[in-house]
Structures are given as C-alpha cells and as structure tokens.
2 protein chains.
Amino acid sequence: MRKGDHRLIQELNRSKVLNHIRREGPISRIALAKQNGISPSTVASAVQELIKEGYVSEIGPGSSSGGRKPILLRFNPDHHHLIAVAITNSRMLLARMNLEARVLAKAEYPISGVKGEAVAEFLVEHLDRFLTEDGVQSTCIGISVTVPGIVRSDEGIVLYNTKLGMNRVPLKRMLESRYGMKVWLENDMNSVVLAERQFGKYAYANLIYISIGDGLGSGILINETLLHGKHGGAGEFGHTSVNRGGVRCECGNVGCLDSYISWMAVYSRILTALTSGRTTQINELTGGDYTRIVPEVYKEALRRGDRLALDINEEVADHLGAAIVNLINMFNPEALVLGGEMGRDNEALLEKVRLYINKHAMPILREDLVFGMTSLGEDDKLIGAAAVLLQDLFGFSLMES
Amino acid sequence: MRKGDHRLIQELNRSKVLNHIRREGPISRIALAKQNGISPSTVASAVQELIKEGYVSEIGPGSSSGGRKPILLRFNPDHHHLIAVAITNSRMLLARMNLEARVLAKAEYPISGVKGEAVAEFLVEHLDRFLTEDGVQSTCIGISVTVPGIVRSDEGIVLYNTKLGMNRVPLKRMLESRYGMKVWLENDMNSVVLAERQFGKYAYANLIYISIGDGLGSGILINETLLHGKHGGAGEFGHTSVNRGGVRCECGNVGCLDSYISWMAVYSRILTALTSGRTTQINELTGGDYTRIVPEVYKEALRRGDRLALDINEEVADHLGAAIVNLINMFNPEALVLGGEMGRDNEALLEKVRLYINKHAMPILREDLVFGMTSLGEDDKLIGAAAVLLQDLFGFSLMES
DNA sequence: CGACTTTTTCCATAACTCGAAATAAGAAGT
DNA sequence: ACTTCTTATTTCGAGTTATGGAAAAAGTCG
C-alpha cells in the first residue's frame with residue numbers, strides 16, 4: 001500500500017478532477033471545485049497541468065446568470081491514443097483507439113494452426129507492421145491485450161488456454177521489452193464487463209457479463225473492481241456443474257454448464273435432429289450444407305419461429321436460467337448482461353431466461369435487477385482492451401507502486 | 001471519495017504505522033520507518049499521537065547489534081473496549097471485548113417467542129443492564145451487532161430475516177440514538193469470515209467461509225473486502241439450486257442446497273431411518289428420545305463409525321462437494337473454511353468433501369487451495385462482531401466521509 | 001455607464017513530510 | 001576507564017501542496 005506524501009494528495013486530486021471532467025464535462029473550474037469539495041486554486045493548478053499534458057481542453061465560455069462567463073473544460077480523447085489487441089481462439093484483432101475507446105484504425109488476422117509460443121510471435125509480427133503506420137500524431141500510451149483463458153493480469157502472464165495451447169506465456173514482459181511501452185494484459189470476459197460499465201449502457205458498480213459462444217464465460221465486477229481470484233481463474237461460469245450425473249468434462253468436473261449450452265452443444269443437437277430427419281427451416285437457410293450451420297443461422301431460425309430452434313432454445317434457457325439464478329443468489333448484482341455469439345441479439349433466449357429468473361430468484365434480489373443484452377458492437381473485445389488500460393490510467397488506487 | 005489534503009496523508013500514515021505495530025509488533029520506530037518507506041520523523045510523530053491516545057505503548061528496549069537499543073512499541077489492546085452483540089435465531093450473546101477480540105465479559109439470553117421489532121426491544125433491555133456494569137475503566141469505542149439474514153451494513157438496517165420475523169429494522173439508528181455511540185451492523189456469516197482472517201488461522205485476502213447449521217450460509221472475502229452485493233444479499237449459498245427437478249423452496253427456487261444438507265435435512269433423514277426400524281447407534285446415544293437428536297449426537301455417531309450416520313454423511317458430502325467446486329470455479333479463492341454446528345469438528349465431512357474437490361475441481365484452481373475447519377471457538381460470532389468494528393476502525397479507505 | 005456577480009488568478013499561510021544534523025545510548029576495542 | 005564506532009531517536013529547517021482571501025478579469029443588468 002502507498003504511503004501518504006505530497007505526491008499522493010496531488011495525484012488523488014488530479015485524478016478526481018480529470019475523471020469529473022471525463023464524466024460530467026464540459027464543466028467550469030468553479031463547478032469542479034464545488035462538486036468535489038476542493039478549493040478553486042487547487043482545481044486551477046490541476047487543470048493547468050492537465051491542459052499542458054493534452055488530456056483537457058478549454059472549449060470556450062458557457063452561460064452565466066449575471067457574472068463572468070465560465071470557461072468550459074472538456075476531456076480531450078484525441079491527444080493520446082492506445083493500441084488494443086484482442087486475441088480470440090480463431091482470430092486476432094489489432095486497433096489504434098482514442099481515449100474514449102473509439103476505433104481509429106483496425107486490422108484483423110485469422111489465427112489458424114498457430115499454437116503456443118507461436119501465438120506471441122504471430123502477434124509481434126503483425127503488430128510491428130501495424131505500429132509503423134504513418135500519420136499518427138498523438139502519443140501512444142501503451143498496448144492492451146485481451147486473451148481468453150486464465151490470465152494473471154497482475155503479472156502479465158497467460159497461465160492457461162487450451163485452444164491456443166498457451167501455457168505460462170509472459171506476454172506482458174515480452175511486449176514491454178520489445179516495444180518499450182507499458183503493456184496491459186487481461187482475460188477477455190473481464191475486459192468486456194469493464195467495457196459494458198464504462199462505455200456501454202450498463203454503468204453499474206456490481207455487474208456480471210455472461211458470454212455464450214463456443215464456450216461459456218463470464219466477467220464479474222464487484223464494487224467497480226474485477227473479480228480475479230487467486231490466480232485470475234475466477235468466473236469460470238461454464239464449468240459450473242448443473243448435473244451431478246452428467247458427462248465428465250475436460251476440466252475434471254461432471255455435468256458442466258458448458259456442455260449443455262455452448263454453441264458446440266447446440267450444434268450437435270441440431271445435427272442429431274437433422275440426421276434423424278426432423279424438418280426444420282435450418283435446412284432451407286443452409287441449403288442442406290451442414291458446414292454452413294453457424295450461430296447466425298440458428299438465431300435466424302429462432303426469429304422465424306422454427307420449431308427445432310425454439311425447442312433447443314427452451315432447453316438452453318432452462319439450464320442457463322438455473323445457473324444465472326445461482327449467480328444472482330451468490331453475488332446479488334445490480335445488472336446482468338448477456339453477450340457472445342449465441343447471446344447477442346438472441347431476444348428469444350433473453351426473454352426465456354428472464355422468465356426463469358422471475359420465477360426462481362429471491363424477490364428481494366431480483367426486484368430491481370437489470371437484465372439485458374450486450375450494448376457493445378462487434379468490437380466489444382477491443383473496447384474491452386481499451387477499458388482495461390483506461391481504468392488503470394485514470395483510476396486511482398492506494399495499492400499501486 | 002475523499003479529496004487529497006494534509007489530513008489524508010496524516011491519517012494514511014498513522015493507519016499504516018498502527019496496523020504495522022498491531023501485526024508485526026513489538027517493533028521499533030526505525031524499523032517501522034524502513035519497512036513502510038516512511039521517514040523516521042514522520043513515524044515518530046505518528047507514534048507520539050498513538051501513545052497519547054492509548055493505542056500503543058513503549059515496552060522497553062530491544063536487542064542491539066552494536067548501537068543504541070531500540071525502544072520497542074506494542075499495540076495496546078486494553079486501553080479501549082467494544083461491545084459485541086451476536087443475535088442468532090435462538091439466542092442473543094452480549095460481550096465486552098478488547099481490541100484483540102478477546103472476550104472480557106459475556107452474557108447470554110435465549111430468544112424464544114420474540115419476533116420482529118420486539119427483538120430490538122429485547123436487545124435494548126438486556127444491553128441497558130450489561131452496559132451499566134461497574135469497574136470498566138477503558139473507553140468504549142462502540143457497539144457491533146451481527147444478525148443472520150439479509151443486512152444492509154452500509155445503512156445499518158436488517159432488511160430481512162424470516163425466523164426472527166425482522167423486516168427493515170433500522171437497528172443501527174435505534175442503538176446509536178439510544179446509546180450515543182457508533183454502531184456497526186453486519187450479517188453473521190460475513191462477520192465470521194472477517195474474524196477467521198483477522199483472528200483465526202486463515203489470514204487470506206480471498207477467503208470463503210461456509211457454515212452448515214440449521215441453514216446453510218456463507219461469507220465471502222474478496223481482496224480483503226466483504227462481498228455484499230447490491231442489497232447485502234450476496235452469499236446466499238444455501239439457495240444455490242443443485243437439482244432442477246428438486247422440491248420448491250420458500251426462496252422461490254427449486255432443489256436448493258439448503259434442503260439437502262442443512263441440519264433439518266439430516267434430521268429428517270435420521271427420523272425416516274429410525275421409524276423404518278433401521279438399527280443405528282443414534283438410538284443408544286439418545287436412549288430412543290427423538291427430541292434429543294441434535295447435531296452433536298449425529299457427529300458422535302459419525303465418530304463411532306455408525307453406518308446410518310456415515311451414509312447420510314456421504315450424501316451430504318456429495319451435494320456439498322459439488323456446490324463447493326462450483327464456488328471454487330467462480331471465485332478461485334485462496335482458502336475455504338467449514339464451520340457451523342454441523343461443520344465444526346466434523347472431520348468425516350471435511351475429508352469427504354476434500355476428496356470430491358480433488359476429483360472434480362480444475363487442477364490449477366485447487367492445487368494450492370487451503371481447505372480446513374473453522375479455527376474460532378464457540379464465540380465465533382462475537383469475535384466476528386469485533387472483527388467488523390476493528391476492520392473499520394483500523395482500516396483505511398478513500399471512500400469514507 | 002455604473003453597480004453588482006461570477007469566475008479565475010495570485011499570493012501569503014498553514015500543514016505535513018523529508019532529510020540532515022544533533023543527540024542519546026549502548027557495543028566493542030584498547 | 002576511555003575512546004571509537006554503531007544504531008536509534010529527536011530536532012529543525014526546507015520543500016511541497018492545499019487553502020483562503022484578495023485582486024483581477026469578464027460578464028450581466030438596470
């Protein structure tokens with residue numbers, strides 16, 4: 001924990017002023033002073049420094065009620081930029097973003113056959129090219145990387161990722177020594193829940209994000225802070241056992257939620273139905289080509305009211321609902337967000353799960369619970385990477401250094 | 001959030017010094033300065049104040065390696081005291097305790113037939129008498145109360161407790177206005193997990209306490225901070241559903257863990273076995289008197305290797321094990337502690353659950369996981385109440401005031 | 001145009017930490 | 001017993017930062 005010295009009070013006040021401008025701006029110096037309980041002189045000197053560093057700009061006079069017009073200040077998101085990297089199990093996204101998590105430039109590369117340490121090499125190779133682009137005026141704050149799997153964000157190590165075959169890869173150290181910039185590393189689900197809070201429509205301090213894709217993952221925010229657990233392994237929602245008599249999972253447990261409601265589970269149920277000759281609109285949507293059955297097709301079938309899709313959806317919703325009610329009882333969150341390839345835009349699923357929650361969760365815990373669909377677009381993991389960096393850049397903690 | 005001013009840095013340094021003496025003392029001023037990165041002069045002035053207030057005492061010279069002997073300082077737990085109140089569903093405990101959570105004086109009253117607002121009156125009545133005891137020299141810091149049920153500790157309100165019939169009782173406000181002292185209020189399980197960390201043998205920042213008694217409860221510590229959730233309703237471990245086809249629980253869910261492994265569930269299974277004529281040592285232990293079947297008897301039967309008790313234990317361990325593995329996957333804790341009437345000293349259960357964990361939890365999450373029995377005695381909830389107060393008294397937070 | 005308001009800037013002051021020096025007290029060698 | 005060295009504590013001046021009040025700047029309103 002930090003000690004108390006003059007640097008501490010100055011950094012704290014600076015951080016309070018900057019975040020207030022970020023969130024409530026445009027705003028005048030005097031309003032900043034009043035709303036934060038800091039004296040006008042202190043605000044003035046903090047603002048002076050922030051302007052010099054390019055984080056804040058004066059945008060001209062505001063309106064007055066009989067006196068000097070205030071000089072309004074706003075956060076300036078474009079004087080600096082950051083590099084966001086989102087690694088998924090199938091592709092790698094690179095982006096240059098501004099301090100409001102807007103994508104300024106983007107590149108995407110499929111990862112196929114690249115495993116283990118080679119993933120880091122693959123990243124470095126493409127990042128080299130991406131970073132040497134011309135015409136970038138603003139200064140770069142650093143690189144923020146999100147990866148699926150178990151990540152020790154404090155040490156910057158990818159501890160464990162089956163599909164990419166990564167095992168104790170010290171990605172942060174590798175990138176920092178190569179590029180001489182500060183590097184952040186975080187689990188992808190964790191990054192997205194931060195992003196939903198900061199840049200989405202879920203500005204809650206106790207927020208849970210649930211992603212249904214080829215696996216099932218979650219990111220959990222408690223008192224504005226990510227739940228990491230001892231090794232960064234918290235939030236393994238997909239390996240919650242929902243059936244003690246179920247099949248053994250690679251994680252060691254039995255009847256894992258993952259094996260009931262991930263895309264793989266849905267896909268195999270569709271295949272079983274198709275091979276047993278059941279009629280479904282999925283056939284028309286794909287022209288009978290099994291390889292063209294993807295989450296989008298399934299969701300389209302749902303929207304069209306296809307019986308098979310609806311049946312599967314019902315089953316998924318039941319399992320998911322039960323698991324989510326357990327989450328609600330354990331965490332008492334303010335809001336729950338559904339996302340991932342299977343969750344996104346899947347209104348049918350959202351509604352079914354909502355019904356389950358209303359029927360089974362404790363009234364006091366669900367009455368004012370917000371339950372909704374992800375509000376970030378397809379760049380969610382890039383925005384997540386940015387959110388991780390920005391939370392650290394603008395946040396204030398007694399723990400650091 | 002607090003602003004940065006001179007008071008902040010002084011309070012922070014004072015808090016660092018005091019806690020360092022509390023945890024590492026006896027210790028000299030110079031060692032405090034070195035280990036905290038604070039200058040000797042600052043330490044000296046902080047210590048001077050702490051001595052004046054009675055929190056710290058000089059205990060004489062330590063040993064030297066060729067120079068002036070250091071003056072050792074120790075935490076003085078007896079210059080102040082606090083009042084701890086533990087309300088359970090069946091009785092009320094009052095105690096005067098010192099700042100090391102040692103019980104100095106204790107009283108116990110059965111609560112029978114007292115419900116709702118009357119519980120508060122009952123408390124006040126006995127507390128009046130307890131507080132007017134003679135011979136108390138040290139100054140009283142305040143009153144700390146623990147209650148089962150859903151508690152809004154920030155607002156000091158007992159939101160909800162079925163068995164005591166309490167509903168939105170503003171206990172903190174009531175006691176503060178009557179006694180003119182600061183009052184703390186916390187859920188009982190939460191208080192105990194704090195106590196296990198501070199005064200028990202589980203000094204982990206990420207700790208989960210599980211209590212099996214007439215109900216099933218948990219207290220969860222994340223990064224040294226209690227998990228409260230939005231309304232203080234987090235940690236309702238007993239209402240985790242483990243069987244979607246199970247019986248409906250009063251909480252609204254189905255197949256709650258509570259209905260499988262609480263004392264009520266065990267008791268009813270014993271009764272069923274007895275009435276169906278099964279032979280068991282429980283008969284000998286109770287002389288056939290069903291009303292004398294209590295958790296202690298069941299645990300004694302277990303120790304004696306009674307077949308029925310062992311069978312029930314196996315079943316309980318299976319359910320509990322599955323639920324705990326889910327906890328491990330969600331929280332990735334450093335340590336898990338088992339307590340409560342059914343858990344305490346129940347080595348058979350501990351071992352069975354440990355086996356289940358080793359078989360089903362993800363290796364990376366369980367390898368260095370500590371799983372053990374509660375280390376606090378029967379005063380656990382009183383020590384818990386003290387821990388809640390002391391955490392707030394000695395801890396430092398940017399949030400307060 | 002003058003009186004009044006509101007915002008911003010400037011400056012002397014107070015509070016606190018820090019580092020160096022002074023003081024205190026004991027250890028070790030002669 | 002005396003000197004020298006080592007370590008701990010205290011003292012004091014310097015440095016840093018917030019603060020409150022005064023002054024300046026820039027409006028509004030009649």
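One atom, CZ of B:Arg29, and another, C1' of D:dT10, lie 10 Å apart when rounded to the nearest Å. As rounded to whole Å, 13 Å separates atom P of C:dT9 from atom CG of A:Leu32. If you take NZ of B:Lys34 and P of C:dC18, they are 16 Å apart, rounded to a whole angstrom. One can place NZ of B:Lys69 at 19 Å from C1' of C:dT23, the figure rounded to the nearest angstrom. The CD1 atom of A:Ile30 sits 16 Å away from the P atom of C:dT5 (whole-angstrom rounding). Nucleotide D:dT7 holds its P atom 17 Å from the CG atom of B:Leu72, rounded to whole Å. Atom CD in B:Glu58 sits roughly 15 Å away from atom P in D:dA8 (whole-Å rounding).
Each of A:Arg68 and A:Pro40 was matched to the nucleotide of DNA chain C holding its nearest heavy atom; the match closer to the 5' end belongs to A:Arg68. In this structure, A:Gly37 and B:Ile71 both approach DNA chain D, and ranking their closest nucleotides by distance from the 5' end singles out B:Ile71.
Side-chain contact, B:His79 with B:Ser138: no donor N or O sits under 3.5 Å from an acceptor N or O. A:Ser144 and A:Glu186 share no donor-acceptor pair across their side chains, judged by distance under 3.5 Å alone.
Salt-bridge formation is not detected for the pair B:Arg74/B:Glu24: no Lys NZ or Arg NE/NH1/NH2 atom is positioned less than 4.0 Å from an Asp or Glu carboxylate oxygen.
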TODO: Verify side-chain contact (heavy atoms from CB on, under 4.5 Å) between A:Asn19 and A:Ser15, making sure each step is shown before the conclusion.
DONE: CA-CA 6 Å; A:Asn19 283 317; A:Ser15 162; 3.4 Å; yes
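A:Ile222 pairs in a side chain to side chain contact (heavy atoms under 4.5 Å, CB included) with only one of the listed residues (B:Thr225, B:Leu227, B:Ile220), which is B:Leu227.
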Which side-chain N or O atoms in residues 65-73 of chain A pair as donor and acceptor under 3.5 Å with protein atoms at least two apart or in another chain?
none

Any N/O pairs under 3.5 Å between the protein and nucleotides 14-17 of chain C? List them or say none.
unit_1	atom_1	unit_2	atom_2	d
C:dA15	N3	B:His6	NE2	3.2
C:dC16	OP1	B:Gln10	OE1	2.9
C:dC16	O2	A:His6	NE2	3.0
C:dT17	OP1	B:Asn13	ND2	3.3

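Taking the side chain of B:Ser65 as heavy atoms from C-beta on, and the options C:dT7, D:dG21, D:dT7, the nearest nucleotide is D:dT7.
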